[in-house]
Peer 1: 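Pasting a structure here, questions to come.
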Number of protein chains: 2
Amino acid sequence: MDLQRIKYFLALSEQLHYWKTAEKVNITQSALSRQIQSLENELGLQLFERNKRNVKLTPAGKFLKEKWEVELNELEYIHQFAKQIHLGERGTITIAHPDSISASIMPDILAKITQAFPQLQIKLVQVLYENQLDFLKNYKIDLAITRDITSEQGIKSKKIYSDHLALVVPLDHAFKSFEDLSKESLSAQKFILPTKDEGSSYSEIIQALFKSYDLVPDVFLHSEFGSTIIALVRKGLGIAILPDSYMHHQSPGLRFIPLPFKTDILINWRADDHNPVLSNILSLVFDC
Amino acid sequence: MDLQRIKYFLALSEQLHYWKTAEKVNITQSALSRQIQSLENELGLQLFERNKRNVKLTPAGKFLKEKWEVELNELEYIHQFAKQIHLGERGTITIAHPDSISASIMPDILAKITQAFPQLQIKLVQVLYENQLDFLKNYKIDLAITRDITSEQGIKSKKIYSDHLALVVPLDHAFKSFEDLSKESLSAQKFILPTKDEGSSYSEIIQALFKSYDLVPDVFLHSEFGSTIIALVRKGLGIAILPDSYMHHQSPGLRFIPLPFKTDILINWRADDHNPVLSNILSLVFDC
DNA sequence: TCCATTAATGCAAAATACGCATTAATAAAT
DNA sequence: ATTTATTAATGCGTATTTTGCATTAATGGA
């Protein structure tokens, strides 16, 4: 059954006149007549009660006119919706990102996306660094924003930003600026540091930092959760090293002392992911 | 857009394999390939992500698979429903009938209809005799069961039953049987009779009845409503003449004395009404 | 009774769909 | 790295379907 036939039927059911309808839908009266006939044959019922003079809907025709009008509108809407999905204007994308950028570049990125594609549904999740690649490969997330470089097969990666590390101390702490740091002053401190993962490039940078002072830090606690670390530092339980993106969080009572070490932020996605939503978001993000 | 194409798409979206799908839907792989291609062109989007080795739904394809499955089911149901309307198995018919047969032949007729066509919706209405033809012509009712013969253009009519007139008296009334009736005994009575309509064949029969006794009845009240008349007779306000169908109503305290006058029950419908529901009901009723 | 209107239909042309055979790409096996 | 098996796409001739033109036949109104 051709939807075009149903459209012809609907046109005729309005006009109830073959010639006028045929003209309106740009076919000949002969073609229209046969289209209606084959529609009737296909359905095994009569749509119009007609003689050579009058055309009138049968009860079944009346019923189908009402129902088909609804269904055709429905289908048209569905097709439009599908087209938007095809263009990447509709759909869902799940993004994992570190807490550190929640208040810095994430708002920028999200604002850009929602402005360009207001119909997109974005799911933000926080995933432990060690799980990110698995989640990406298993379609639990579509985009992973991370500080770790990956050379995984099938995962594409691109740097989108970089920020400095900063030493985070309470306001009343002796450290006021970078010049106050030395092997001696640092060795007296208790540190709160991120979890030391195998092969995590972010951990390696922090290790490199301490190595530059030829120091093994006294680590009081490991945590991956920036907000936890900040709270502990504010209570004077130790000092921490965090990306200076955290300065964008409202954190009174703390001093951020920038350090000459940079940490990159990368965006990762599946190489074989052809979801048009992803392509749209990638090209938006790369324009930053 | 051909619904067949959508069916092909749905089959392929299940199998995700052209050859197997083509075999399943009884066309060649070549034809299937081209059907999917033209569907994609028609919609202006890609349904499958495919190379020479793998077939996989795109996000838009996934969306359409879900939606189209629902829509196609819906359409199939609609078409079945329409077919039932065409066969007169579904639909609505409005029937007017006199109160007199509510408890006699109407239950028989209705039982027969609902047994043969359980999906039919029947509306029963009571219409004043004088309005019946108008209601029929103006599509307010589809079938009029009446005691009046009509020779109206465009209205078909057929007798389906006939019953006798009966004199209705209270149990304690002097009249016990037909032999008690005479010009003298009748002229002493007060009568409750139906409204005397112009050209109503039922009124004429009652007039003929009195004429056979060479009598002009003392009419105390006119009413078309049988139940009203019966209540009044039971209270001793007068005696009445009604079709003996009323004996099927539960009417304690009354005696029905059959009279040798018959009144026909006719069924009327529009000659140009081709509603299949009507045809079905007519052929059922005529089999009585 | 005749005329104007109008849906159906015969027929040939155009468009579309189909099947067969082949091609080209790719994953798996060696 | 090379070969092989698998499989979606495609060229081409054929079959089917649809279309438009011209005509027919039925019908309501004058």
Side-chain angles (χ1 to χ4, degrees), chain A residues 1-58 60-62 65 137 153-154 270-274, chain B residues 1-58 60-62 65 137 153-154 270-274:
Chain A
M1 172 152 348
D2 197 331
L3 292 188
Q4 188 58 46
R5 281 191 179 157
I6 297 181
K7 286 181 188 159
Y8 289 151
F9 162 79
L10 289 178
L12 181 57
S13 74
E14 292 291 339
Q15 297 269 333
L16 296 178
H17 194 288
Y18 275 78
W19 279 35
K20 290 180 193 164
T21 306
E23 194 177 17
K24 198 170 184 179
V25 298
N26 291 315
I27 54 171
T28 58
Q29 175 267 325
S30 140
L32 178 62
S33 173
R34 269 181 276 236
Q35 287 279 2
I36 299 294
Q37 283 173 39
S38 38
L39 191 54
E40 287 181 329
N41 284 337
E42 207 166 355
L43 290 164
L45 53 82
Q46 213 179 329
L47 293 168
F48 295 99
E49 204 177 300
R50 53 201 185 275
N51 48 36
K52 302 251 166 188
R53 200 80 188 169
N54 287 307
V55 181
K56 194 184 138 197
L57 281 168
T58 60
K62 210 169 186 174
K65 170 177 152 63
K137 284 199 215 158
Q153 171 82 1
R270 291 181 294 276
D272 65 347
D273 188 344
H274 297 123
Chain B
M1 171 149 348
D2 197 330
L3 292 187
Q4 188 58 46
R5 280 190 182 159
I6 297 181
K7 286 180 188 160
Y8 290 151
F9 161 80
L10 289 178
L12 181 57
S13 75
E14 293 290 340
Q15 297 269 333
L16 296 178
H17 194 289
Y18 275 77
W19 278 35
K20 291 179 194 165
T21 307
E23 194 176 17
K24 198 169 184 181
V25 297
N26 290 317
I27 54 172
T28 59
Q29 174 268 326
S30 139
L32 178 61
S33 174
R34 268 182 275 237
Q35 289 279 1
I36 299 295
Q37 283 173 40
S38 39
L39 193 53
E40 287 182 327
N41 284 336
E42 207 166 356
L43 290 164
L45 53 83
Q46 212 179 329
L47 294 168
F48 294 99
E49 205 179 299
R50 52 198 185 275
N51 48 34
K52 302 250 167 190
R53 200 77 188 171
N54 287 309
V55 181
K56 194 185 138 196
L57 280 168
T58 61
K62 210 167 184 174
K65 170 177 152 63
K137 283 198 216 159
Q153 172 80 3
R270 291 182 294 275
D272 65 348
D273 189 344
H274 297 123

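Below, chains carry the letters A, B, ... as their sequence lines are ordered, and counting in each starts from 1. Values below: all heavy atoms of this structure, side chains included; hydrogens, waters and symmetry mates excluded.
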Peer 1: Starting at atom CD of B/E23, determine the distance to atom P of D/dT7, rounded to an integer number of angstrom.
Peer 2: 12 Å
Peer 1: Of the listed nucleotides (C/dT9, D/dA8, C/dA27), which one gets closest to any side-chain atom of B/V55?
Peer 2: D/dA8
Peer 1: Can you find a donor-acceptor pair, distance only, under 3.5 Å between A/K52 side chain and C/dA7 base?
Peer 2: yes
Peer 1: Which nucleotide sits closest to the side chain of B/R50: D/dA9, C/dA7, D/dT27?
Peer 2: D/dA9
Peer 1: DNA chain D: B/K20 or A/R5, which has the more 5' nearest nucleotide?
Peer 2: B/K20
Peer 1: Looking at A/R53 and C/dT6, is any side-chain donor or acceptor paired with a base atom of the opposite kind under 3.5 Å?
Peer 2: no
Peer 1: Report yes if the side chains of A/F9 and A/K65 come closer than 4.5 Å at any heavy-atom pair, otherwise no.
Peer 2: yes
Peer 1: Given C/dA17, is OP1 or OP2 found less than 4.0 Å from the side-chain N or O atoms of B/Q4?
Peer 2: no
Peer 1: Can you find an N or O donor on one side and an acceptor on the other, under 3.5 Å apart, linking the side chain of B/S30 with the base of C/dC20?
Peer 2: yes
Peer 1: To the nearest Å, give me how far apart CD (A/Q15) and P (C/dT6) are.
Peer 2: 12 Å
Peer 1: Got more than 12 heavy atoms from elsewhere within 6.0 Å of NZ, A/K24?
Peer 2: no
Peer 1: Specify the separation, in whole Å, of atom NZ of B/K56 and atom P of D/dT7.
Peer 2: 18 Å
Peer 1: Give a yes or no answer on whether the side chain of A/T58 reaches the backbone of A/E49 with a donor-acceptor pair at less than 3.5 Å.
Peer 2: no
Peer 1: Mind calculating the distance between CG (A/L32) and P (D/dC21) to the nearest angstrom?
Peer 2: 15 Å
Peer 1: Ignoring backbone atoms, test whether B/S33 places a side-chain nitrogen or oxygen under 4.0 Å from the OP1 or OP2 oxygen of D/dA9.
Peer 2: yes
Peer 1: Please tell me if the side chains of A/L39 and A/Y8 come closer than 4.5 Å, counting only heavy atoms from C-beta onward.
Peer 2: no
Peer 1: I'd like to know if B/Q29 reaches the base of D/dA9 with its side chain such that a donor and an acceptor end up less than 3.5 angstrom apart.
Peer 2: yes
Peer 1: Can you check whether any acceptor in the base of D/dA9 is under 3.5 Å from a donor in the side chain of B/Q37, or vice versa?
Peer 2: no
Peer 1: Which nucleotide in the set D/dA9, C/dG19, C/dT6 lies at the smallest distance from any side-chain heavy atom of A/W19?
Peer 2: C/dT6
Peer 1: Quickly work out the A/L57 CG to C/dA7 P distance and round it to whole Å.
Peer 2: 14 Å
Peer 1: Please state how far atom CD1 in A/I36 lies from atom C1' in C/dA7, giving the value in whole angstrom units.
Peer 2: 12 Å
Peer 1: Just one of B/R5, B/K7, B/E40 clears the side-chain hydrogen bond (donor to acceptor under 3.5 Å, both in side chains) bar with B/Q35, so which one?
Peer 2: B/R5
Peer 1: For A/H17 and C/dA7, give me the distance from atom NE2 to atom P, rounded to whole Å.
Peer 2: 5 Å
Peer 1: To the nearest angstrom, how far is B/E49 atom CD from D/dA8 atom P?
Peer 2: 15 Å
Peer 1: Assuming nearest nucleotide by heavy-atom distance, tell me which of A/I27 and A/N54 is located more 5' along DNA chain D.
Peer 2: A/I27
